[in-house]
Protein chains: 2
Amino acid sequence: MASRKIRNMEEFAEVSGISRPTVSKYFNDPESVRKSTRARIEEALETYDYRPNIYAMNQNRRLTKNIGIVVPYLADPFFAEIARVIENHVIEAGYRPILLSSHGDTTQEIENLDSLRTIRPAGVLMAPLGRASDRTALEDFCKSVPTIMFDSYISGLGDAFVGHDNELSTELICDYLCRSGEPPAFFEMRTPTNPNAYRRRNTYVSTMEKLGHDPHLIQVEGDDWEFERIGMEGGMKVISEHNLPSNTILCSNDRLAIGLLAAAYQKGLRVGHGAGCALRIAGHDNHPWSQFACPPLTTVSQDYSAIAARSVELLMGVIESGERPESHEEIFFEGKLFMRESA
Amino acid sequence: MASRKIRNMEEFAEVSGISRPTVSKYFNDPESVRKSTRARIEEALETYDYRPNIYAMNQNRRLTKNIGIVVPYLADPFFAEIARVIENHVIEAGYRPILLSSHGDTTQEIENLDSLRTIRPAGVLMAPLGRASDRTALEDFCKSVPTIMFDSYISGLGDAFVGHDNELSTELICDYLCRSGEPPAFFEMRTPTNPNAYRRRNTYVSTMEKLGHDPHLIQVEGDDWEFERIGMEGGMKVISEHNLPSNTILCSNDRLAIGLLAAAYQKGLRVGHGAGCALRIAGHDNHPWSQFACPPLTTVSQDYSAIAARSVELLMGVIESGERPESHEEIFFEGKLFMRESA
DNA sequence: GTAAAAACTTTGCGGGCGTAAAAATTTACG
DNA sequence: CGTAAATTTTTACGCCCGCAAAGTTTTTAC
């Protein structure tokens, strides 16, 4: 049926036989109206296609249904994946996700926050750049918008933090590597932007000392998010100069490890734990690519689906309670060891 | 100075000494007011921090400044990269990018279009899923919103298409492979979702025939976007069954090739063009990962920065002219050969 | 210096919806 | 069946800005 064009809520209210304020209430929360009313509205919704003007809604509501999601670098499939899962949870909760990437850039991160401010989001889920973040700008933002931080821990920021237990996972893989061969050296960026990297480094050092081994740090240069390149170029240099302190290398993350694998390949070093292998290489994160590396990468996973679910859950709690929490909750999820061929 | 809080454009107009309609005009397009007026507004903008309410603006403007960007699968760094470049161009042009991913799913693609409809975008840049797309839904959308399609060619859809010249690039790499060794077999998904894949297959076949060789298709199963897994599992099978018709394999894209590399590695086949190598493998796209594969992947690039720039340029043309073009322009950019160690 | 053009001001309307308060209706429950 | 509670209707206002028309001022051009 070529039914009448509905221009606004007034007209829709008319054809559905319900008053406009009640219809408005329905669209704000379908559960807030009587079942019989809901049925009549939904019936009308099926014959006439009408959707409230989102701009008019957002202009007048105290709170929009927008949830900002900010990740530091979207071209990294890890963040793309976690963002996707978060998006789904947000939609599930009846909100509208707005995905922004900081592209590894401080200015962009601040612009993202500015951009979010103009859309007055109900809340924000943010994985900050880390060291490169402008702490003052973030603090300022968190004051005005309920914000849950995830992935990168920056102390005290936001209403809560949800992330990965780097201490536990680093200990786990150090233990494994020491048990199964030569104690590892630690391969990392000299000045990583991500705070997780510092925690992994520190835990590596303390675990090695606990196990009675000398820790060795291999620190390569690089300050952008092209970790594979940084790992490869740094790796080429270290291998060329015969500066490998051990035949076992634990990398700060999988992307660096993939770069190091490429370097080893090009230098003719066979990687693995089998006979005839010159080098063992392990990573951290169980990155989507790690299982397709040559050889497949031994690593320790992040429980990103738990991180995503819990972050959204916490944010919803803050939003729906209507008040900011006094305490700053911090939640860390455990990783699991993935033993593959590389170490 | 703890200056007066500005609540709306009325108040801002007052403190800036300019009338509200003129201020409104300024925010719509700063160039549209006299230089002296612009200076006074911008001066006021520095002491008072005011930004127009974006919802009120969008509600009342004939056209919003929103530009939708839809990609089929954001966890693929190729799309993440091209989306980033497009975003920048869009911002540069004074518009507001809204990035959406279809996550490889038809339903999600339709939902993205629905979601875009509610925000009444000035235009949309869309890379469709391809075969999995709901053509009717896309056509319907394109009728109501100026849309430029990119990457995946679906005939006649949208106001224009911008993409990669698959014929030329496939010919290029076929030529190279034939010239430098055994003629290649073609490794692909049996029923790829992406139309580019079909073009590459057809061009492979015709090029081989032109060069006087028998074409061989190796078609593996899989219908999602986890190309590495599909390539690896398919590759393992083919290698196990000794079904490789040539020692040279041209893959339909780099991600499949990376999967095939992993399979070859695990089967103990040395890949490369040097002495002692059992297999040559080449890809297509010059994917961000391809240079870090073991060995680095020989491939042919897509000129994604040209594709991004041109897409935005065309869309701006349509938007700013205010009328939809009659002809359906189709633009294809050339790729370049990247000779690395894998073939 | 003058006329025309351009830019600005004033005034006023309209968009589509949230929300509040009082009145009317429906439902629940004994 | 009657009453209280829950829900809906009616009425009215407000949000913040785009836009248009008519009148005024400033700039440009000759």
Side-chain angles (χ1 to χ4, degrees), chain A residues 4-45 48-66 94 96 117-120 122 322, chain B residues 4-45 48-66 94-96 117-122 322:
Chain A
R4 171 181 167 193
K5 271 276 174 201
I6 304 296
R7 307 199 153 279
N8 53 36
M9 197 178 281
E10 184 104 37
E11 290 187 17
F12 178 75
E14 199 176 318
V15 299
S16 70
I18 304 288
S19 73
R20 191 179 66 76
T22 304
V23 170
S24 167
K25 204 151 170 283
Y26 167 85
F27 279 112
N28 209 331
D29 174 12
E31 299 297 314
S32 71
V33 303
R34 198 153 50 203
K35 205 165 66 183
S36 60
T37 311
R38 189 160 61 237
R40 287 173 69 187
I41 293 177
E42 279 163 1
E43 191 183 349
L45 228 34
Y48 305 88
D49 92 304
Y50 163 73
R51 305 175 71 162
N53 180 309
I54 199 165
Y55 298 119
M57 282 176 65
N58 285 338
Q59 178 182 6
N60 295 305
R61 270 218 259 269
R62 300 187 196 297
L63 225 51
T64 69
K65 292 267 185 186
N66 293 330
R96 192 169 215 283
R117 247 191 271 260
T118 71
I119 63 167
R120 300 187 312 130
Chain B
R4 171 182 167 192
K5 271 277 173 199
I6 304 295
R7 306 199 155 279
N8 53 36
M9 196 180 281
E10 184 102 39
E11 290 188 17
F12 178 75
E14 198 176 319
V15 299
S16 70
I18 304 289
S19 74
R20 190 175 69 77
T22 304
V23 170
S24 167
K25 203 150 171 283
Y26 167 85
F27 280 111
N28 211 331
D29 174 12
E31 300 296 314
S32 70
V33 303
R34 200 155 49 206
K35 204 165 68 183
S36 59
T37 311
R38 190 159 60 238
R40 287 173 68 188
I41 293 177
E42 279 161 2
E43 192 183 350
L45 227 34
Y48 304 88
D49 92 303
Y50 164 74
R51 306 176 71 162
N53 181 309
I54 198 165
Y55 298 119
M57 283 176 66
N58 285 337
Q59 179 182 3
N60 295 304
R61 268 217 260 270
R62 298 188 196 295
L63 224 52
T64 70
K65 292 265 185 187
N66 293 329
Y95 288 77
R96 191 170 217 283
R117 247 191 270 260
T118 71
I119 63 167
R120 299 187 314 129

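These figures come from a predicted structure and were not determined experimentally. Chain identifiers are assigned alphabetically (A, B, ...) following the order of the sequence lines, protein sequences preceding nucleic acid strands; residue numbering begins at 1 within each chain.
Summarising the base pairing, dT11(D) is matched to dA20(C) through a Watson-Crick or G-U wobble pair whose two defining distances lie under 3.5 Å.
Between dT7(D) and R34(A), no contact under 4.0 Å exists linking OP1 or OP2 to a side-chain N or O. Under 4.0 angstrom from either OP1 or OP2 of dT8(D) there lies at least one side-chain N or O belonging to T37(A). Checking the phosphate oxygens (OP1, OP2) of dT9(D), a side-chain nitrogen or oxygen of T22(A) falls inside 4.0 Å. Contact annotation: R62(A) side-chain N/O to dA20(C) OP1/OP2 distance is under 4.0 Å.
Rounded to an integer number of Å, the gap from CG of N60(A) to P of dC15(D) is 10 Å. Atom OH in Y55(B) sits about 14 Å away from atom P in dG18(C), given to the nearest Å. Rounded to whole Å, the distance from CD on E14(A) to P on dT9(D) is 13 Å. Distance I119(B) CD1 to dG16(C) P: 17 Å, rounded to the nearest Å. Rounding to whole angstrom units, CD1 of residue I54(B) and P of dG15(C) are separated by 22 Å. A straight line from CZ of R7(A) to C1' of dC17(C) spans 17 Å, rounded to a whole angstrom. If you measure from atom OH of Y26(A) to atom P of dC17(C), you get 15 Å, rounded to the nearest angstrom. At whole-Å resolution of the value, CD in E11(B) and P in dC16(D) are 9 Å apart.
You'll find that the side chain of A56(A) is closest to dG16(C), out of dC17(D), dG16(C), dA7(C). In the set dA20(C), dC17(D), dT9(C), the nucleotide with an atom closest to the side chain of P21(A) is dA20(C). The side chain of S19(B) lies closest to dT10(C) when the candidates are dC17(C), dC17(D), dT10(C).
For dC16(D), the base has no donor-acceptor partner in the side chain of N8(B) [N/O atoms by modelled type, under 3.5 angstrom].
Within 4.0 Å of N28(B), counting heavy atoms only, lie sugar-phosphate atoms of the nucleic acid but no base atom. Looking at heavy-atom distances under 4.0 Å, S24(B) makes contact with sugar-phosphate atoms alone, never a base. Counting non-hydrogen atoms under 4.0 angstrom, Y50(A) reaches the backbone sugars and phosphates but no base. R20(A) comes within 4.0 angstrom of a base, heavy atoms only.
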Might you work through the side chain to side chain contact (heavy atoms under 4.5 Å, CB included) test for T64(A) and I119(A), ending with a clear yes or no?
CA-CA 8 Å; T64(A) 69; I119(A) 63 167; over 6 Å; no

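Comparing Q59(B) and S36(A) by the nucleotide of DNA chain C that holds the closest heavy atom to each, the one mapping nearer the 5' end is Q59(B). For the pair I18(B) and E10(A), both in contact range of DNA chain C, the more 5′-proximal nearest nucleotide belongs to I18(B).
At most 12 non-hydrogen atoms from other residues, nucleotides or ligands lie less than 6.0 angstrom from CD of E43(B).
Atom CZ of R34(B) and atom CD1 of I18(B) lie 8.5 Å apart (nearest 0.5 Å).
A ring pair (Phe, Tyr, Trp, His ring centres under 6.0 Å) with F12(A) is found for exactly one of Y26(A), Y48(A), Y50(A), namely Y50(A).
N53(B) and R120(A) form no side-chain donor-acceptor contact under 3.5 Å, judged by distance and modelled atom types alone. There is a side-chain donor-acceptor pair under 3.5 Å between R96(B) and T118(A).
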